[in-house]
Amino acid sequence: MNIQNYINGKFHNPIENNWIDNYNPANGEIYGQIPNSGKADVENAYNAAKAAFTKWSQTSLEERSRILIKISELLEQNLKRFAEAESKDNGKPISLAKAVDIPRAASNFRFFGYAITQFASESHESVGQKAINYTLRQPIGVVGCISPWNLPLYLFTWKIAPAIAAGNCIIAKPSEVTPMTAYLLGEILTEAGLPKGVLNIVHGLGATTGQAIVEHPEIKAISFTGGSATGAHIARVAAPLFKKLSLELGGKNPNLIFADCDYENMLETTVRSSFANQGQICLCGSRIFIEKTIYEKFKIDFVNKVEKLKVGHPSDAKTNIGALVSKSHLEKVTHYINLAKQENGKIICGGKTVSVEGYENGYYLEPTIIEVKSNDCRINQEEIFGPVVTIMPFTTEKDVLEMANTVNYGLSATLWTNNLKRTLRLSHQLQAGIVWVNTWMLRDLRTPFGGMKASGVGREGGFEALRFFTEAKNVCIKY
Ligand code: TXE
C-alpha cells in the first residue's frame, strides 16, 4: 500500500516523485512505498500551516478541545485498524499495539484536549511600584515535530496534540521506517473537523525531509524524539536560527535491585522493563544491578522467565517478542552481542537470531541477557535499543549509585527497595529525568517527561509541553 503526504487537509504525492520502500519487519518484504519529500513539499506544508495559523490561534479553547477529544474518540473507534497497521509496520506484537500504542495515542489527544482548558499563566504585582505584570502564553506559529519508529503513533501524537492544543500549526514527520499510522491519522483529522493546514504530515528520510523542516527559517520550534546523535545534529542546525528546541533522546537506564524489595513483583516487572517492545523503548532498563546477596537467585529466576518468552510473528496472540524494526537495526543489535563476547561478557540467555516458521526472512532475535564484569564496557555504556540487557552484582549503595550515574545518558532509572530512607537518598541522587520506585513505565501524563545529559534537553508532558509550544510574553502596566 502506498502512502501520501497530508498537506492542507488533502493527500498528495511528493512533488519530485521520489519514493522509499516500506518493509514489513515480520517477513522482510516490501509492502508499499512512502514519499521521500523534498524542500518543495515542506514549503507547501509550511504555506498551508502559515495560512491556517491566524484563525487557529484565535480559535476558542473550547473548540480546540472539542476537536482534540473528537480525534481521540475516532482513534478509539478505529483501534483494530490502527493496531494492525502499527504492528505490521513496526513488527511489535499486535497485543501490545492494541493495549498500549493506540490507546495511548488516543489518550494523548484527550489529555491535551482537557489540559488546554486548564492552562493558565502568572501575574505579578510589583508592590510599591504601582505596576502589575501579567504573562501571556501565545502560540509560537508554525512548529516542526519529528518522531521515531519505536512507538510510532504514540510518540507522534505526544508532540502534535499539545502543539495543536496550544494554537500552533504543524509540519510533522513520522519516522520513515514506520509511517503508516501517521498516514492513517490524516483521514481522522479531516473527519474530526480539524481545519485544513493546522496539521500537515510529510513523509521522508531524516536527511532530506527532516533536514528541510529543521533548516526552514520560518519554523520557529522543533520538537524531536530520536537518537542522541541525530539530536546533536539538529541542535547544531537549529541553534544559529534561534529555534526553540525540545530533544528527547536515547537512554541507557539503570535498574537497581536491592535484596529488601518485593521480589516477585520486581522479577515480573524487570522482564517487562527489559524486553517490552523488543527492548526498543528509550525507557527500558538495560543495565540491571542486583545486590550481591540475591544475585545468584535472581540470575536463575530471571533466565527461567525470559527463556519462556515466545518470539514469534507479531499477529500471533501468544507472541511476547515480535520482530525488530528493520534489518539494519537487527544488524546493529547483533553487532553489540558479538562485541559483548569480545569484552568478556557472558551470554547467559538468548543471543541468537530466530527463524520463525513461514516468516524466515523476518528480523527476529532471542531476548538476550549478558553477565558483565564491569560497568565500563561498551555494552554497558552505549545504547543498544533492542532485546538485550546486562546484569551485574553490587555490594554497597554507594557503589551502585556510582555505576548507575557513570554513563552519558540520564533518561530514567528504576529502583527496587522497600527501604524508605534509601528510596529518598537514591531517587534524589540518581541522574535521571524519571525515577520509578517499585514499578516501571507507570505514566501520568501530567508529569514532566524527559532526560538529562545525552538523553535530551527540555521536558514534555502536561503543562511543560504547553509551555514549550508557547512564547511567554510579559506585559507590565503602571497604574
Ligand atoms: O533514529 P533517528 P534512528 C535511538 C536508538 C536507535 C538510534 C537510531 O539507539 O538505534 O536512535 O535510530 C529523523 N534532520 N533511538 O536511526 O535517526 C528520522 O527520519 C531531521 C532512540 O531511527 O534519530 C526520524 O523521523 N530529522 C529513540 C527521527 O529523526 C532527522 C527512538 C528519529 O530518527 C534527521 C528511536 C535530520 N538530519 C531511536 N535525521 C528514543 N529515544 O525513543 C534523522 N531524522
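Start at 1 and go down the list; that is how both ligands and their atoms are numbered.
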What about [X] and [Y], are their ring centers closer than 6.0 Å?
X: His329; Y: Tyr363; value: no
X: Phe11; Y: Tyr183; value: yes
X: Phe385; Y: Trp149; value: yes

Compute whether any side-chain donor of one residue and acceptor of the other, for [X] and [Y], lie under 3.5 angstrom apart.
X: Asn277; Y: Lys92; answer: yes
X: Thr209; Y: Lys173; answer: no
X: Asn375; Y: Asn380; answer: yes
X: Asn265; Y: Thr269; answer: yes

I'd like to check which ligand 1 atoms, numbered from 1 as shown, lie under 4.0 Å from a non-hydrogen atom of [X].
X: His233; result: 37 (N)
X: Gly210; result: 14 (N), 20 (C), 26 (N)
X: Val214; result: 20 (C)
X: Pro148; result: 31 (C), 35 (C)
X: His329; result: 10 (O)

Option whose closest heavy atom lies nearest to [atom], chosen from [options]:
atom: atom 27 (C) of ligand 1; options: Pro152, Ser175, Gly226, Ser228; value: Gly226
atom: atom 28 (C) of ligand 1; options: Ala238, Gly206, Ser147; value: Ser147
atom: atom 12 (O) of ligand 1; options: Phe385, Phe156, Trp149, Tyr409; value: Trp149

Review point. Is any N or O atom of Leu155, backbone or side chain, closer than 3.5 Å to an N or O atom of ligand 1?
Key: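 N/O-N/O distance below 3.5 Å does not exist for this pair.
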
Review point. So, is Gly227 polar-close to ligand 1, with some N/O to N/O distance under 3.5 Å?
Key: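 Looking only at distances, the answer is yes, because the N/O contact criterion of under 3.5 Å is met.
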
Exercise for review: Determine whether any heavy atom of Leu249 lies closer than 4.0 Å to an atom of ligand 1.
Suggested key: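 It does, in that a heavy atom of Leu249 comes within the 4.0 Å cut-off of ligand 1.
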
[atom] [closest protein heavy-atom partner, distance rounded to 0.1 Å]:
atom: atom 13 (C) of ligand 1; value: Ile146 CG2, 3.7 Å
atom: atom 40 (C) of ligand 1; value: Cys282 CB, 3.6 Å
atom: atom 29 (O) of ligand 1; value: Phe224 CE1, 3.1 Å
atom: atom 37 (N) of ligand 1; value: Gln211 OE1, 3.1 Å
atom: atom 23 (O) of ligand 1; value: Thr230 OG1, 2.7 Å
atom: atom 19 (O) of ligand 1; value: Glu176 OE1, 2.6 Å
atom: atom 4 (C) of ligand 1; value: Glu383 OE1, 3.4 Å
atom: atom 6 (C) of ligand 1; value: Lys332 NZ, 3.7 Å

Point to revise | Under-4.0 Å protein heavy-atom contact, atom 34 (C) of ligand 1 | key: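 Protein heavy atom within 4.0 Å of atom 34 (C) of ligand 1: present.
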
Review point. Are the side chain of Asn36 and the backbone N or O of Leu205 linked by a donor-acceptor pair below 3.5 Å?
Key: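 Checking the backbone N and O of Leu205 against the side chain of Asn36, a donor-acceptor pair under 3.5 Å is found.
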
Check your understanding: Short question: side chain of Thr368, backbone of Gly351 - any donor-acceptor pair under 3.5 Å?
Key -> yes

Check your understanding: Less than 4.0 Å between a side-chain N and a carboxylate O, is that true for Lys159 and Glu460?
Key -> yes

Practice item. Report the distance from atom CG of Asn255 to atom OG1 of Thr390, rounding to the nearest 0.5 Å. Key: 10.0 Å

**Study point:** Six-ring centre of Trp436, Arg443 cation under 6.0 angstrom, axis tolerance 45°
**Key:**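 No; the conditions do not both hold, so Arg443 does not lie above the ring face of Trp436.
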
Review point. Cationic tip of Lys327 within the cone over Tyr23's six-membered ring, i.e. under 6.0 Å and within 45° of the normal?
Key: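 Checked: cation-pi criterion not met.
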
Exercise for review: Answer with side chain, backbone, both or neither: which part of Ile384 has a heavy atom less than 4.0 angstrom from an atom of ligand 1?
Suggested key: neither

